[in-house]
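Note: hydrogens, waters and symmetry copies are ignored here, and every other heavy atom, side chains too, is used. All chains are named by letter (A, B, ...) in the order of the sequence lines, taking the proteins before the strands, and each is independently numbered beginning at 1.
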Amino acid sequence: MSSAVRVRFAPSPTGALHIGGARTALYNWLVARGRGGTFVLRIEDTDRERSTPENVEQILDALRWLELHWDEGPHSQSARAGRHREAIDRLVSEGRAYEDEGAVRLRVPDEGSTVVDDAIRGEVRFEHAAIADFVIARSDGSPLYNLAVAVDDLDMGITDVVRGEDHLSNTPRQVLILAALGAAPPRYAHLPLLHGSDGKKLSKRHEAASVQELRDRGYLPAAVRNYLALLGWGFDAETTFFTTEELVERFSLDRVSRAPAVFDEKKLRWMNGRYLRELAVEDLTRMLEERIGRRGLAPAVAIAQEKMQTLEEFWPLAGFLLERRELDERAWAKVMRDGAPERLVRAREALAGVKPFAEPEIEAALRGLVEEVGAKPGEVFQPVRLAISGTSISPGIFESVALLGQEETLARIDATLARV
RNA sequence: GGGGGCGUGGUCUAGUGGUUAGGACGCCGGCCUUUCAAGCCGGAGAACGCGGGUUCGAUCCCCGCCGCCCCUACCA
């Protein structure tokens, strides 16, 4: 009656949602949003051994975090056992399926073939001769995957099935079930799989970052969406950054790649850094304060923002601005040699005389000292950096010193000098 | 074994019967407030899996091969 698109994301709750599943969810969501359709969420929990409520909650949580909101569901597949049973009974009574050692098998024609018209791969033909009569119900009567999927997609009015390529080989079975039920199949689109760096399909076994791991490591949902969208899809020769609106507008299944892709966290990090820098300082501050559980981070955030790639990096990079830290031995060994202590003494003297204690004055003083002692900038700045931060990495040195204040800066330098 | 899918630099991708095969990450070098990061500039890195064909001409068309992956469960 209506031509509106209805897509579904149907994860099996056997573990956390990993990036492959997240990408499938994203593509479904983009199809729905881009065509004014409905995004249905269905939990395929018919494997009672492995499906747990905790896993279901994890998946919902991951989707919420990614801001991939569903319009319908979550439907529980196991709750639809009655419907599956009806379909099985009907197939048996109509002679389309038969009992075999307690289980029920679908009759697959010996001749002919089933053609799947895939939006991404074109027509894919499967000869019936290669498909044996397969089991659709266990001997305890419970439905098997292919039966449940076919019936659910049919009942839920799914118009487009967008899922991983690992399901392509099972598609003719589902089409056959649908045909036996007298129904037409939906349109299919099988996405290329995401592989681990070992070339195998991504699974829970892999280092495979789950969505919550990405969140814990400080990635932003928008960056993850942008990155994931590009894993298997490209718009043109140069565009890399897409707002979510642009994604919705430009995404299309026919531009999805056919070859499997490998998740590259390095690139995600880079992209996340770009998103992080786009954030208003107040927003970034709020996120970090919530994450770290303390307030008053704004000044530190302001000078650290341009050096972070993930939220997780903030504290190691800028925590010294809020509290003293242990000295990093390796940094010490690298920096405090060849007269560095003497230069630090000189730097302390120079800083002690800075008034007002603000960034321009601090910079002038330290640069003046560099001139005076005829050293390379780093030979003066690094000891100071080590003294105030405990390490060799920090936000800009002048900003950092200014933020710390004169008293604290001098105190830290003294403490460092006392160690020499 | 059978069936199916896929094959552009390390990775993600753009691309067309005739292009110096484009972009991005990463990598190397330079600049910059040293380090790290960002930014900017420059660089290395792909004979477009291999072999045949079709064609005046193939990365893009056809065939074969090889490789990888998926399915082939009373898992999903």
Please list, one pair per line, the donor and acceptor atoms closer than 3.5 Å that link side chains of residues 144-154 of chain A to other protein atoms, with sequence neighbours excluded.
from, atom 1, to, atom 2, distance (Å)
A/Tyr145, OH, A/His167, NE2, 3.0
A/Asn146, ND2, A/Gln174, OE1, 2.9
A/Asp152, OD1, A/Arg80, NE, 2.6
A/Asp152, OD1, A/Arg80, NH2, 3.0
A/Asp152, OD2, A/Gln77, NE2, 2.8
A/Asp153, OD1, A/Arg8, NE, 3.0
A/Asp153, OD1, A/Arg42, NH1, 2.9
A/Asp153, OD1, A/Arg42, NH2, 3.1
A/Asp153, OD2, A/Arg8, NH2, 3.1

Provide the distance between the two C1' atoms, one in B/U33 and one in B/G23, to the nearest whole Å. 31 Å
Please report the distance, rounded to the nearest Å, between CG in A/Asp166 and P in B/A73. 16 Å
Nearest-neighbour nucleotide for the A/Ala261 side chain, B/G5, B/A76, B/C12 considered: B/C12
Pairing check on B/A44: which nucleotide meets the Watson-Crick or G-U wobble criteria with it, both distances under 3.5 Å? none
How is A/Gln382 classified with respect to the nucleic acid when contacts are heavy atoms under 4.0 Å: base, sugar-phosphate, or nothing? base
Within 45 degrees of the ring normal and closer than 6.0 Å to the centroid, is that where the cationic atom of A/Arg419 sits relative to A/Trp332? yes
For nucleotides B/C65 and B/C71, find the distance between their C1' atoms and express it as a whole number of Å. 23 Å
Neighbour count above 12 (heavy atom, 6.0 Å) for A/Arg83 CZ: yes
Just name whichever nucleotide pairs with B/C75, Watson-Crick or G-U, keeping both distances under 3.5 Å, else none. none
All side-chain hydrogen bond (donor to acceptor under 3.5 Å, both in side chains) counterparts of A/Glu127, not counting sequence neighbours: none
Can you tell me which nucleotide in B/C71, B/A37, B/C69 comes closest to the side chain of A/Arg173? B/C71
What integer distance in Å separates A/Asp140:CG from B/C74:P? 13 Å
Quick one: which of A/Leu191, A/Leu247, A/Leu228, A/Leu30 gives a side chain to side chain contact (heavy atoms under 4.5 Å, CB included) with A/Trp233? A/Leu247
Could you state the atom-to-atom distance from CZ of A/Arg269 to P of B/C12 in whole Å? 19 Å
Under 3.5 Å on both distances, the Watson-Crick or G-U partner of B/C25: B/G10
Say whether, by atom type as modelled, one donor and one acceptor occur between the side chain of A/Arg105 and the main chain of A/Ala97 under 3.5 angstrom. no
Could you check how far NE2 of A/His195 sits from C1' of B/G10, rounded to whole Å? 17 Å
Salt bridge check: are A/Asp133 and A/Arg107 linked by an N-O gap of less than 4.0 Å? no
Report the distance from atom NE2 of A/His190 to atom C1' of B/C69, rounded to the nearest whole Å. 15 Å
What's the OH-C1' distance between A/Tyr145 and B/C71, to the nearest Å? 11 Å
Options B/U35, B/C6, B/C75, nucleotide nearest the side-chain atoms of A/Lys334: B/U35
What's the CG-C1' distance between A/Asp133 and B/G3, to the nearest Å? 16 Å
Any strand, both distances under 3.5 Å, Watson-Crick or G-U wobble: B/U55 pairs with none
Residues which pass side-chain hydrogen bond (donor to acceptor under 3.5 Å, both in side chains) with A/Glu165, listed by chain and number, not counting sequence neighbours: A/Arg121
Would you measure the distance from the C1' atom in B/C61 across to the matching atom in B/C69 and give it in whole Å? 26 Å
Checking A/Arg250 against A/Phe235: charged group under 6.0 Å from the ring centre and within 45 degrees of the axis? yes
Under 4.0 Å, heavy atom to any atom of RNA chain B: which of residues 109-126 of chain A qualify? A/Arg121, A/Val124, A/Arg125, A/Phe126
Looking at B/G3, I'd like to know if its phosphate oxygens (OP1 or OP2) sit under 4.0 Å from a side-chain N or O belonging to A/Ser169. no
Can a side chain N or O of A/Arg163 be found less than 4.0 Å away from OP1 or OP2 on B/A76? no
Taking NZ, NE, NH1 and NH2 as the nitrogens, is one of them in A/Arg90 or A/Glu86 under 4.0 Å from a carboxylate oxygen of the other? no
Remember a base hit wins even if backbone is also touched, and classify A/Gly232 as base, sugar-phosphate or nothing at under 4.0 Å, heavy atoms. sugar-phosphate
Whole-Å C1' distance, B/C25 and B/U20: 23 Å
Say you pick atom C1' in B/C6 and the same atom in B/G53; how far apart are they, in whole Å? 23 Å
Say we look at B/U19 and B/C31: how far apart would their C1' atoms be, to the nearest angstrom? 33 Å
Applying the 3.5 Å cut-off to both distances, the Watson-Crick or G-U partner of B/C65 turns out to be B/G49
Let's test this: given Watson-Crick or G-U wobble pairing with both distances under 3.5 Å, identify the partner of B/C32. none
5'-most contact on RNA chain B (nearest-nucleotide basis), A/Ala103 vs A/Ala259, goes to A/Ala259
Between B/G4, B/C74, B/G7, spot the one nearest the side chain of A/Leu144, thanks. B/C74
With a 4.0 Å cut-off on heavy atoms, is A/Arg255 in touch with a base, just the backbone sugar-phosphate, or nothing at all? sugar-phosphate
Quote, to the nearest angstrom, the P distance that separates B/C50 from B/G7. 14 Å
Atom NE2 of A/His167 and atom P of B/C6 are separated, to the nearest Å, by 18 Å
Residues in side-chain hydrogen bond (donor to acceptor under 3.5 Å, both in side chains) with A/Tyr27, at least two apart? none
Output yes when A/Asp61 and A/Arg215 qualify as a salt bridge under the 4.0 Å nitrogen-oxygen rule, no when they do not. yes
Using the closest heavy atom to pick a nucleotide of RNA chain B for each, name whichever of A/Pro192 or A/Asp100 lands nearer the 5' end. A/Pro192
Base-contact (B) and sugar-phosphate-only (S) positions in nucleotides 20-33 of chain B, heavy-atom cut-off under 4.0 Å, - elsewhere: --BSBBS------B
Rounded distance in Å between the P positions of B/G30 and B/C36: 11 Å
